[in-house]
2 protein chains.
Amino acid sequence: MPAEPGSVRPGGRTARVRAAVLAAAGDALAEHGMAGLDLADVARRADVGRTTVYRRWGSVPALVADLLEDMAEQSLPRVETGSLLEDLLANARLVRRTLVDPRQGALFKAMIAAAACDERTAAALHRFYAARIAEWAPCVDQAVQRGEVPPGTDAAEVVRAVSAPLYYRLLASGDPLDEAAALRCARAAAEAARAGVFVSG
Amino acid sequence: MPAEPGSVRPGGRTARVRAAVLAAAGDALAEHGMAGLDLADVARRADVGRTTVYRRWGSVPALVADLLEDMAEQSLPRVETGSLLEDLLANARLVRRTLVDPRQGALFKAMIAAAACDERTAAALHRFYAARIAEWAPCVDQAVQRGEVPPGTDAAEVVRAVSAPLYYRLLASGDPLDEAAALRCARAAAEAARAGVFVSG
DNA sequence: GCATTAATGGAACTGGAGTCCCTTTATGCC
DNA sequence: GGCATAAAGGGACTCCAGTTCCATTAATGC
């Protein structure tokens, strides 16, 4: 019973191949989008044998899941402004900028599409967002301590409420992702939190 | 220069074929999801020639776009309860029920994935949501007239704010889509609207 | 260093998705 | 009802994504 390829000797060439393939996959996704992504093209861009890509990743969703795992490790530093609204606004602007960026936005669209197709990719995506949300949740907890929002407020729920409308625009409604939208998201989440909507129980 | 196939004699057999293919596509999507959907399988289920499906739709995203166009025509009736929160809650429950339903939920996931892959499908999806949002916007306008929310409130924005967190859960975070989530969405949107967050300008 | 063998790379092979071409069916119009 | 032809159906064909096999390269442990 052999282990997964790449797990016994993960250093040196194996690591270089993985980095090259993930970078190439990111480029290809941002360029052609999810639809026109075949593993042979990724292999060519990465200057790596086709066989290697098929052996180690096997399918487009699996490759996207690995790309996601890689991105999850690079978490963005959270800012602290001293006010809930300003913290949430910083988060909304960060998310907005990410989704509007041609490369990053295409990447996120592709990853969500891949997650909608494949259960394993979906699990990787959920872990990714769990990590991102956990990173920003403390700003809500601090707001509770300052008395800005009622005790018992579900911090993760507030953070999700900020991102959700931006993703909805990106994926479903197609409305513009402008600065005004980011501002509305942050204000809406902050007002709802102040009103005790996110108090759990 | 021949017209699109099916546009010159759209009645009789052509219409029956379209209905059979769209129904089969819906079944196949709900069953295998977006990934394992090939046009040959759809043709078999619809008891229609492979050639016909390839000629008239040509690709998976195009077929999904047509399915979407078909669904957009069947709009759901909006309820009127006399209070903004209750109206929004009815909307949130409707959306939640749709997304949780095994067949419908899978269909929506697949459609959003297809839209993320293909520009034309994305346009069809945007039209679909524009129609759905327009259907529910009047309940916000009525709330403005009743003085529940400030004048100048962007009705479409409020309706989007109700759905967005539910879609975010379905597609991104993977958190449960329970009744409590629907209640939170409706309350959050109502509170933010009352506070004037969605006043445009 | 050197041996062991994990992992990569190239090339030939295969299966099925998508295309092409021609025949059959039946719609729309008189 | 009958004609012209739009659209569907069947089957052969093509092409390339994905697999398999084996030779080559280079990580890891001593």
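Order of the sequence lines sets the chain letters (A, B, ...), proteins ahead of strands, with each chain counted from 1. When reading the values below, keep in mind they use all heavy atoms of this one structure, side chains included, and skip hydrogens, waters and symmetry mates.
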Residues Arg194(B), Glu191(B): salt bridge by 4.0 Å N-O rule: yes
Contact state string [nucleotides 20-30 of chain D, B base, S sugar-phosphate only, - no protein heavy atom under 4.0 Å]: BB---BBBS--
Arg120(A) (side chain) donor-acceptor with Pro61(A) (main chain) under 3.5 angstrom: no
Arg96(B) side-chain N/O to Leu177(B) backbone N/O, donor-acceptor pair under 3.5 Å: yes
Glu86(A) side-chain N/O to Thr81(A) backbone N/O, donor-acceptor pair under 3.5 Å: no
Exam field: side chain Arg56(B) to backbone Thr14(B), donor-acceptor pair closer than 3.5 Å: yes
Interface with DNA chain D, restricted to residues 29-50 of chain B and to heavy atoms under 4.0 Å: Val48(B), Gly49(B), Arg50(B)
Inter-axis angle, terminal five-pair segments of the helix from dG1(C)-dC30(D) to dC30(C)-dG1(D) [nearest 10°]: 60°
Steps toward salt bridge (charged side-chain N to carboxylate O under 4.0 Å, His left out) verdict (Asp66(B), Arg18(B)): CA-CA 9 Å; Asp66(B) 195 25; Arg18(B) 176 167 183 250; 2.9 Å; yes
Euclidean distance, atom CZ of residue Arg56(B) to atom P of dG9(D) [Å, nearest integer]: 10 Å
Spacing of Arg18(B) atom CZ relative to dA8(D) atom P, expressed in whole Å: 12 Å
Pairing of Arg45(B) and Asp41(B) as salt bridge, 4.0 angstrom limit: yes
Touch class at under 4.0 angstrom, heavy-atom based, for Gly58(A) against every strand present: nothing
Donor-acceptor contact below 3.5 Å, side chain Glu157(B) vs main chain Phe198(B): no
Sugar-phosphate, base or nothing in reach of Ser7(A), heavy atoms under 4.0 Å: sugar-phosphate
Test item: Arg103(A) side-chain N/O and Ala30(A) main-chain N/O as donor-acceptor pair under 3.5 Å: no
Short side-chain to backbone donor-acceptor contact, Arg78(B) and Glu135(B), under 3.5 Å: yes
